[in-house]
Amino acid sequence: MWNMTQLEYGTLARRANQIKDELRQGVRRPYKEVIDVFQGDLHKAGMKPLTFVRQVLAACVYPPLINSSNLPLDVRQRTQEELRRCVGGSVGEGNVCGLMMWKKHENASPRTGVLIPVPCHNKTVLSIMQLGAVAVPYYLSEEQGWALQVEELQRALESAKGVCNPVALYIINPGNPAGYVQSQKSVQEVIRFAWEKRLFLLVDEVYQDCVYGENCEFVSYKRTLSEMGPPFSGTVELASFHSVSKSFSGEYVCGLRAGYVELVNLDPAVMKYIHTLFSKDSCETVLGQIALDLMMDPPKPGDPSYLLYKQVVNSLPGFSCSPIEGGLFAFPRLHLTPKAIQKAKELGLQPDTFYCTRLLEEGGVFTGPGWEYGQKEGTYHIRYNTSRDVMEELLRRLSSFHMTFMKDFS
Amino acid sequence: MSQQAVNGVSHRGRVLTLDSMNPNVKRVEYAVRGPIVQRAVQLEKELKEGVKKPFTEVIKANIGDAHAMGQKPITFFRQVLALCSYPALLEDSKFPEDAKQRARRILEACGGHSIGAYSASQGIECIRQDVAHYIEKRDGGIPSNPDNIYLSTGASDAIVTILKLLVCGEGRDRTGVMISIPQYPLYSAALADLGAVQINYYLDEDNCWSLNITELRRALSAAREHCNPRVLCIINPGNPTGQVQSRQCIEDVIRFAKEEHLFLMADEVYQDNVYAEGCQFHSFKKVLFEMGPEYSNTVEMASFHSTSKCYMGECGFRGGYMEVINLDPEVKAQLIKLVSVRLCPPVPGQALLDLVVNPPQPDEPSYATFMKERTAVLSALAEKARLTEQIFNTVPGITCNPVQGAMYTFPRVTLPQKAIDKAKELGLVPDMFYCMRLLDEEGICLVPGSGFGQREGTYHFRMTILPPTEKLKVVLQKIQEFQLRFTQEFS
């Protein structure tokens, strides 16, 4: 299913850059700029960064600013605190802290298997394949708002028999690309399942600050695990991941590359090796670590702004979208006509790639085709980030393009 | 009570144990931050808590971290980075115009005009172009194609990426990678992690750590018995040994690589750190092209550079790049895919790299200060290199090759047999025993030579020359005193 050697991967991105260049050079197209909603990068989509964080980072980088009356007092004080933690008082020094990385645990034979949701963030799949492990898909139920069903986990586990040795269960909550937020009950079910089947839990919670669905609440796996008490709380091995790239509504500093992993119930002997693995990669960027620290301890009051999203897409024929409860993306389903699917096959493209290519060329909107994230056979989706700043224009172009497309291939 | 019960784990045991773990990980070691550093951190904690010790601070001369040792950052670089971090400062008259101009250019090239955005996985295009120009200028006009430049998270990231591409095969066909002994332990760690075969070639300590082709040949033919040698790694200027290869030597290595069909990896992160009279940095790329098309059209190579060393010392920013030469176009496509998995190198690091390759020019306002700061750093390092070699060579039992370049000294220490025996008793490698004692008695943290590799029966330690001159003099004196005491104790 995830055939990452296909040359399609990256082709859309290259074409998007080409079109951006052409527009800069003044080539005429039906639109003046490309709306790039392919990645979860809100800076690219025009979101403004949070001033406090940027001021502290600037002052950490250039400490003479600590004496600048142009910067608020709390910025200057916070800068001094952060620099005190840097050896030599400089953010140019290397430092070891908790970092965001995969823990590898791979046997020669049988091969290690990792259960992965469908749909899934494609970098994860690539990472797993790179390590020589087997990605074992479990399908989220689109009809039930992308719910994770334990029976499906069971089925996936059984499918692995004879193929690989599943040791880990990878969860994304809130989801990417599908924007679900797991209920506490669901989290408990998964933990129970992991305990029963002896699976290492890898939980990607980078979107934990992006929750906006009604009656939705982010509940961390760590907290739930702890509240479930023994035997679960003392035995289930858990790695939870977070990042500054997606957090801190209003400040998404993807470019700083900072995050952390928290490890629970790991074998102390293994922890030693984890430390060595991290140390040989020197360290995470110090600016990133400072940004992470600011994220963990933001200024008060610092109200997060909730992203609002209007469900225009559900009103379009041939489009349906589960409620987006959290995360940064929409992952609506495309109901393509046989004619459109046929045309895609003729061109040697996946049907949703065909749709995204046409949407890019004609509508100037750069989105991600569903096949890159995995989907049920015979279904098609597209993914785009739900940046508020460009949402109106995006929906306008998408609607207009979609109506034409559906007509052309009716 | 069973161990498992003590750990609170049920009788089933954990999923992830030393036995079920990736076996390669067990072979990964990184001495620069290994057990001795953990001990140093422990001592620092104790000092903080008020525990009395024979020293008042732990001097961490183990890692090539200039700023941690008090080196000041280059003002111009930090100004531009501050402007990029908080663009409102572009209105601040206290920042010079040349800094603002560069900041604007960098921000323009970023998504949403923000360094907070992801960049292209290969790195921001205009920065890659600037890197290519820098390389052309450095190498006397030999063309550099920006498409062959990959920005990275420090040089380490790029080095590991290339190794990932190169390592394959099973059994006797498994990729063998030639590395110098002594070497920078990122290489041995990466090779262990990837399950590649490490092929050691020894640098010649009696001749200033020079590289001999006969030794390369010996190592290669021995290796061919049990693996498939495909890669040759060189660090120039060297780490930990500090030697700067002569131009002739570089030519010989390139010729060797071509004859034996080896992929060359040239780690050149210390290219500005050259101190000794008569020594000069020659880039592998330049020499390759000056050898003519027979070589420049065929030898496959990757050269690495970083913002962590030289005169900048900005380790924490994680900036770096590699230039690939004669890489198969289809492999390049796979390389792009590989680097895309980690999304992009940190953008502040990319911005910093841009300034390193595009520093203030003579006609710009920041030039004078920039040159003053750069010269001060490099001349201080040169002086400390000289001082270190001079002083160590007066200590009985310690011999030290000239520190021609880089940031380290790798002196050889003669250990009395009784000390070696004592070390064995304690289950320690002799030079680790030596370094641990030095740490406990003087609060000086060095890295034992065993962490880098050395000829059987010889012992070394690596010390950085980064502490400020006055402190360095104190360190050298303390090591001298320790050496005398230690020798006496175990005589």
Side-chain angles (χ1 to χ4, degrees), chain A residues 4 9-10 39 41 43-47 49 54-55 57-59 61-62 65 70 87-88 90-96 103-107 123 126-127 130 167 198-200 231 234-235 237 251-257 265-267 269-270 273 276-277 279-283 285-288, chain B residues 8-10 12 14-18 20-22 25-26 28-30 33-34 63 65-70 73 78-79 81-83 85-86 89 92 110-112 114-119 153-154 156 185-186 189-190 313-318 336-338 340-341 343-349:
Chain A
M4 292 303 173
Y9 183 79
Q39 277 180 335
D41 185 341
H43 287 272
K44 240 187 207 138
M47 179 156 243
R54 291 314 193 84
Q55 286 172 331
L57 290 177
V61 156
Y62 187 55
L65 285 171
N70 291 334
V87 181
S90 165
V91 296
E93 66 91 20
N95 199 352
V96 178
K103 179 69 201 80
K104 299 185 234 182
H105 43 113
E106 182 189 318
N107 286 330
K123 306 292 183 213
L126 278 175
S127 300
Q130 224 187 83
V167 302
R198 289 199 62 219
L199 295 170
F200 191 114
T235 60
E237 290 148 83
E251 178 57 82
Y252 299 83
V253 272
C254 317
L256 291 190
R257 318 304 297 113
N265 288 330
L266 256 69
D267 187 327
V270 171
Y273 288 95
T276 308
L277 266 187
S279 74
K280 78 166 171 50
D281 291 331
S282 289
C283 71
T285 75
V286 178
L287 279 192
Chain B
V9 176
S10 80
R12 313 172 314 168
R14 287 185 164 96
V15 176
L16 183 56
T17 62
L18 285 190
S20 67
M21 189 176 79
N22 180 349
V25 172
K26 275 186 246 186
V28 172
E29 273 161 11
Y30 186 66
R33 283 190 170 173
I63 187 163
D65 193 338
H67 290 213
M69 288 286 105
R78 292 309 190 86
Q79 286 174 331
L81 289 167
L83 290 164
S85 301
Y86 183 50
L89 292 171
D92 189 331
C110 294
S114 163
I115 59 166
Y118 286 124
S119 79
T153 306
S156 303
L186 164 73
E314 298 277 15
C315 311
F317 276 88
R318 319 305 298 116
I336 301 241
K337 186 181 75 179
L338 189 60
S340 77
V341 175
L343 286 159
C344 72
V347 177

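Within every chain, numbering begins at 1; the chains are lettered A, B, ... in the order of the sequence lines, protein sequences first and strands thereafter.
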Trainee: Kindly give the heavy-atom pair with the smallest separation between V15(B) and V167(A), and that separation in Å.
Mentor: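 Answer, listing the atom of V15(B) first, then V167(A): CG1-O, 3.6 Å.
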
Trainee: Between R14(B) and T235(A), is there a donor-acceptor pair closer than 3.5 Å when you use the side chain of the first and the backbone of the second?
Mentor: no

Trainee: Evaluate the side-chain proximity of N22(B) to Y273(A): yes if any heavy-atom separation is below 4.5 Å, no if none is.
Mentor: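 Heavy-atom side-chain distance check fails, nothing below 4.5 Å.
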
Trainee: Please flag which part of Q55(A) lies under 4.5 Å from any non-hydrogen atom of chain B: side chain, backbone, both or neither.
Mentor: both

Trainee: How close do L266(A) and L16(B) get, heavy atom to heavy atom, and via which atoms?
Mentor: CD2-CD2, 4.2 Å

Trainee: Please report the closest heavy-atom contact between L18(B) and V270(A), naming both atoms and the distance.
Mentor: N-CG2, 3.8 Å

Trainee: With sequence neighbours left out, write down each residue that passes side chain to side chain contact (heavy atoms under 4.5 Å, CB included) with A58(A), or none if nothing qualifies.
Mentor: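 For A58(A) the side chain to side chain contact (heavy atoms under 4.5 Å, CB included) partners, ignoring immediate neighbours, are L65(A), A82(B), S85(B), Y86(B), L89(B).
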
Trainee: By ring pair (Phe, Tyr, Trp, His ring centres under 6.0 Å), which residues pair with Y62(A), not counting sequence neighbours?
Mentor: F95(B)

